[in-house]
There are 2 protein chains.
Amino acid sequence: MRSEDLTTRARIRDAAVRCFGRGGFRVGVRVVAKEAGVSPGLVLHHFGSKQGLREACDAHVLGVIREHKREAVGGAGAQALLMALASLDRFAPLVAYVLRSLQEGGSLARAFVDHLVEDTEAYLAEGVAAGTLRPSRDEAARARYLTHMGIGTLMVDLTLDPPEDPDDATAFLTRFYERTALPVLELFTDGLMTDRSMLDAYLLYVGDPPAEGTDADPPAA
Amino acid sequence: MRSEDLTTRARIRDAAVRCFGRGGFRVGVRVVAKEAGVSPGLVLHHFGSKQGLREACDAHVLGVIREHKREAVGGAGAQALLMALASLDRFAPLVAYVLRSLQEGGSLARAFVDHLVEDTEAYLAEGVAAGTLRPSRDEAARARYLTHMGIGTLMVDLTLDPPEDPDDATAFLTRFYERTALPVLELFTDGLMTDRSMLDAYLLYVGDPPAEGTDADPPAA
DNA sequence: CAACACCCTAAACACTCGTTCAACCCCGCA
DNA sequence: TGCGGGGTTGAACGAGTGTTTAGGGTGTTG
């Protein structure tokens with residue numbers, strides 16, 4: 001911790017990120033104040049209100065993630081990004097904060113997810129262009145769906161059996177990855193169904209959708 | 001509403017289900033009491049504590065769902081079940097309650113999801129036996145993954161832009177279904193990738209997994 | 001009729017929350 | 001030396017929470 005060379009304001013903000021990441025946004029101002037080593041009044045003096053404190057946290061976390069996304073290199077996708085960030089343990093509290101934010105909703109969650117959807121769309125487009133990924137009849141919808149799906153699966157695992165140590169985001173993410181790697185790879189390479197009847201029925205039902213992009217050859221079963 | 005022919009205890013319980021479904025579990029005992037048309041003290045008199053009230057709600061909701069699952073016939077899967085239940089509008093508050101429960105965690109959420117995982121596993125086994133679904137190297141893991149994935153995608157949509165009318169679970173579920181039908185059908189019929197390299201790399205890396213149950217022939221590409 | 005048991009209410013209690021405020025310390029500056 | 005003035009404190013306020021408790025009614029029973 002290089003906490004003494006920070007502004008008091010920044011120290012409070014970082015403490016708040018830690019506290020909110022650990023216990024959600026219901027933790028009180030007094031807890032944050034104690035974590036930062038200051039009095040409760042000072043927190044409100046610097047941020048106006050608890051809402052202001054949270055907004056400052058949101059802005060800071062989002063900024064740091066945007067800034068350091070390139071360090072967290074590798075494939076697109078929510079887990080990949082969070083995993084890479086959490087492995088750099090100085091970012092672990094930020095990851096916990098993001099997970100909490102995704103759990104309880106709010107503007108940071110929306111911004112973060114929209115950001116990921118963009119990345120995913122670009123990543124998918126690359127893959128399609130390179131021939132490694134199949135094209136979709138609605139690329140935007142697919143990108144959003146895959147992103148929501150990735151994050152959602154993670155969130156369900158998180159809420160259903162929350163890790164005993166809320167600080168160790170890395171352990172949780174690793175465990176999650178181990179449990180889901182095989183099914184997700186199977187699904188992504190071969191799909192689930194053996195024929196196209198359900199998809200065709202749907203396409204017939206909705207009257208065949210935009211079909212923009214490449215209306216590519218359906219790969220023979 | 002046939003509310004006057006119920007025990008006061010049942011009336012309070014149903015009011016609590018509605019309130020919790022609408023506003024989450026943070027809504028106060030006084031709100032529930034007002035919704036039920038009784039005094040706040042009576043709520044605690046009947047259920048001992050707020051925790052007791054919630055447990056009674058959990059038990060009741062789970063019981064009703066178990067009981068009426070056959071009415072809500074059709075394919076397995078979280079959305080299918082919830083959708084079918086919500087369409088019967090007398091169950092709409094229950095569905096909202098379940099969604100809240102999934103959002104905030106708790107024993108009902110766990111029970112509900114475990115229940116769904118079982119159903120999914122049976123449903124998948126049927127499909128595999130009938131030849132309409134591809135087998136997996138770890139059927140249990142796949143069933144759990146697909147269930148968490150389905151519910152998770154739903155929850156992300158729900159937390160990211162919550163519906164303006166928290167009572168109308170049907171509208172939300174319909175909209176969700178429309179947005180995801182195409183991507184999910186595409187993914188389930190053809191997968192995402194054009195070759196098996198990533199899956200093979202993983203299988204090589206983990207040294208080919210348990211493969212218990214049906215150590216079936218990997219379907220020839 | 002008296003007495004008991006039960007359903008129910010209204011008020012109060014104890015606590016936590018976000019927020020406010022008067023005062024204090026300590027710094028630079030004239 | 002006196003004078004701000006921002007950083008900081010700790011106590012207090014008011015509204016919210018879950019919970020407790022004393023006490024009305026009301027019906028049933030002896």
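Order of the sequence lines fixes the chain letters, A, B, ..., with proteins taken first and strands second; residue numbering starts at 1 for each chain.
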Is it the case that the side chain of A/His68 and the backbone of A/Val64 share a donor-acceptor pair, with hydrogens and angles ignored and the cut-off at 3.5 Å?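 Between the backbone of A/Val64 and the side chain of A/His68 there is a qualifying donor-acceptor contact (under 3.5 Å).
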Atom pairs, N/O to N/O, protein against nucleotides 4-8 of chain D, distance under 3.5 Å?
from: D/dT8; atom 1: OP1; to: A/Thr8; atom 2: OG1; distance (Å): 3.0
from: D/dT8; atom 1: OP2; to: A/Thr8; atom 2: OG1; distance (Å): 3.4
from: D/dT8; atom 1: OP2; to: A/His46; atom 2: NE2; distance (Å): 3.4

Are any of the side-chain nitrogens in [X] or [Y] under 4.0 Å away from the carboxylate oxygens of its partner?
X: A/Glu55; Y: A/Lys50; value: no
X: B/Glu104; Y: B/Arg54; value: no
X: B/Arg142; Y: B/Glu139; value: yes
X: A/Arg144; Y: B/Asp157; value: no

Which parts of nucleotides 11-19 of chain D does protein reach within less than 4.0 Å, heavy atoms only, written one letter per nucleotide 5' to 3' as B for base, S for sugar-phosphate only and - for none? -B----BBB
For A/Tyr97 and A/Phe25, take the angle between the two ring planes, folded into 0 to 90°, and tell me which bin it lands in: parallel under 30, tilted 30 to 60, perpendicular over 60.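 Answer is perpendicular, since the angle exceeds 60°.
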Assess the side chains of B/Arg13 and B/His60: does a donor N or O sit below 3.5 Å from an acceptor N or O?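 Yes, B/His60 and B/Arg13 have a side-chain donor paired with an acceptor closer than 3.5 Å.
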